[in-house]
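Inspection log for the structure reproduced underneath, given as structure tokens.
Both ligands and their constituent atoms are indexed starting at 1 by order of listing.
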Amino acid sequence: MKFKTIVIKVGTALVTKENNSLDTDFLKSFVKQIAELKKSGAKVLIVTSGAVASGRSELVFKREDNIPCKQALAAVGQGILMNVYRNLFSRHNIATAQVLLTNLDFKNRESFINTRNTLDLLMRFDVIPIINENDVTAYAEIKFGDNDNLSAKLAAMVGADSLIILTTVKGFYTDDPTKNPKAELIREIRNIDAGLKKFAKGAESKKSLGGMASKLAAAEFTARSGIKTYIAAGTDENILRKIISGEKCDCTVIYPSTEKHTSRQNWFKSQVKSGCAIIVNECTVAPLKTGGKSLLPVGIIDVRGKFSRGDFVEIIGPHGKLLGLGQSNYSSNDLGKIKGCKTPDACKIFGVGFEEEAIHRDNMVIL
Ligand code: GLU
């Protein structure tokens with residue numbers, strides 16, 4: 001079977017109506033398609049938004065411009081959301097489980113493993129995990145920001161083959177299709193570059209967080225984790241069935257740019273500080289890739305971004321190719337001082353407390 005494990009993400013604009021009540025017609029058809037998918041043997045995980053919006057149908061604040069209000073709405077709405085999913089799936093004799101996560105569950109290695117094990121167990125017992133961000137406890141530093149990002153990280157965590165992001169438009173266009181009638185649907189994406197990112201417009205809604213730019217960022221993450229992503233309109237009749245059966249349909253497919261990663265590689269990926277990298281010289285590529293060696297300051301030609309000791313960074317070859325990921329023993333500032341230095345010279349700069357490796361091989365994964 002082509003699709004073994006699939007993460008399907010639905011946004012607030014699809015699951016709720018204008019008046020913030022849940023759109024049960026949409027959800028009925030969505031749940032029915034997933035039930036069919038499960039019958040074919042696929043393991044499915046759902047990432048659903050809609051908690052904050054549904055909360056508004058039962059709890060009204062005069063002004064809800066502060067975070068506690070949104071968190072209270074999410075707390076009320078999450079129960080409403082789960083109740084509807086549970087009822088609809090029970091008509092197909094499928095059990096569901098509520099899973100609420102924050103970015104901390106991905107950052108902390110122990111939580112990461114525990115979460116993955118629980119999800120594996122639920123799927124082994126044919127339960128569908130229904131996942132949302134834990135909006136009640138999440139604060140800025142540990143927030144995913146939007147559920148597109150959460151769904152991408154989740155897909156990598158469970159080693160999914162595909163991520164399907166359902167939204168209000170048919171896929172990724174050359175411009176916002178709701179504003180520009182000439183905008184064209186891009187059906188296949190094999191490389192996400194700066195030019196493509198400029199097209200990322202639209203699919204924002206008043207009630208939800210992610211727009212097309214966050215969908216593309218999610219797809220970039222999954223592509224680099226070896227996972228295929230589809231962006232499609234949830235309102236398109238039987239869209240899931242069409243995608244899964246390979247029937248011709250309007251959507252955008254973003255192909256993986258690498259082989260599927262191992263769980264350890266995926267965990268490292270989820271740790272990397274955005275925009276931070278160490279660039280190494282040509283002589284260092286082979287010892288790192290095949291020799292199982294640590295990265296020494298002498299092999300470093302440049303440092304990108306601002307990071308602290310202990311942060312995870314990308315390791316990039318001299319021609320821009322991503323070689324691996326690792327936890328740096330030095331801050332970007334300190335690495336700047338010792339890049340290219342042989343060990344004795346680097347040792348002179350730092351004296352006591354000097355660590356020979358910029359990244360130790362035990363704290364590194366090669367991709
Ligand atoms: N977690 C939020 C909710 O359920 C939505 C986040 C998003 O729109 O991406 O309401």
Q) Between Phe199 and Phe172, how do the two ring planes meet: parallel, tilted or perpendicular, split at 30° and 60°? A) tilted
**Q.** Presence of salt bridge, Lys170 and Asp236, under 4.0 angstrom
**A.** yes
### Task
Using distance alone, determine whether Ala53 and ligand 1 share an N or O pair under 3.5 Å.
no
In this structure, does ligand 1 have an atom that sits under 4.0 Å from one of the heavy atoms of Gly11? no
Within a reach of under 6.0 Å around CD of Glu110, are more than 12 heavy atoms found that belong to other residues, nucleotides or ligands? no
Is Asp135 close to ligand 1, meaning an N/O of one under 3.5 Å from an N/O of the other?
-> yes
inquiry  = Using a plain distance cutoff, I'd like to know if Asp146 has any nitrogen or oxygen under 3.5 Å from a nitrogen or oxygen of ligand 1.
reply    = no
Hits for ring-ring contact (aromatic ring centres under 6.0 Å, His included) against Phe221, two or more places apart or cross-chain, chain-then-number order -> none
- prompt: For ligand 1, is there an N or O atom under 3.5 Å from any N or O atom of Asp148?
  reply: no
Note: Val52, heavy atoms under 4.0 Å from ligand 1, region reported as both
Look at Lys38 together with Asp126 and state whether they make a salt bridge at an N to O cut-off of under 4.0 Å. yes
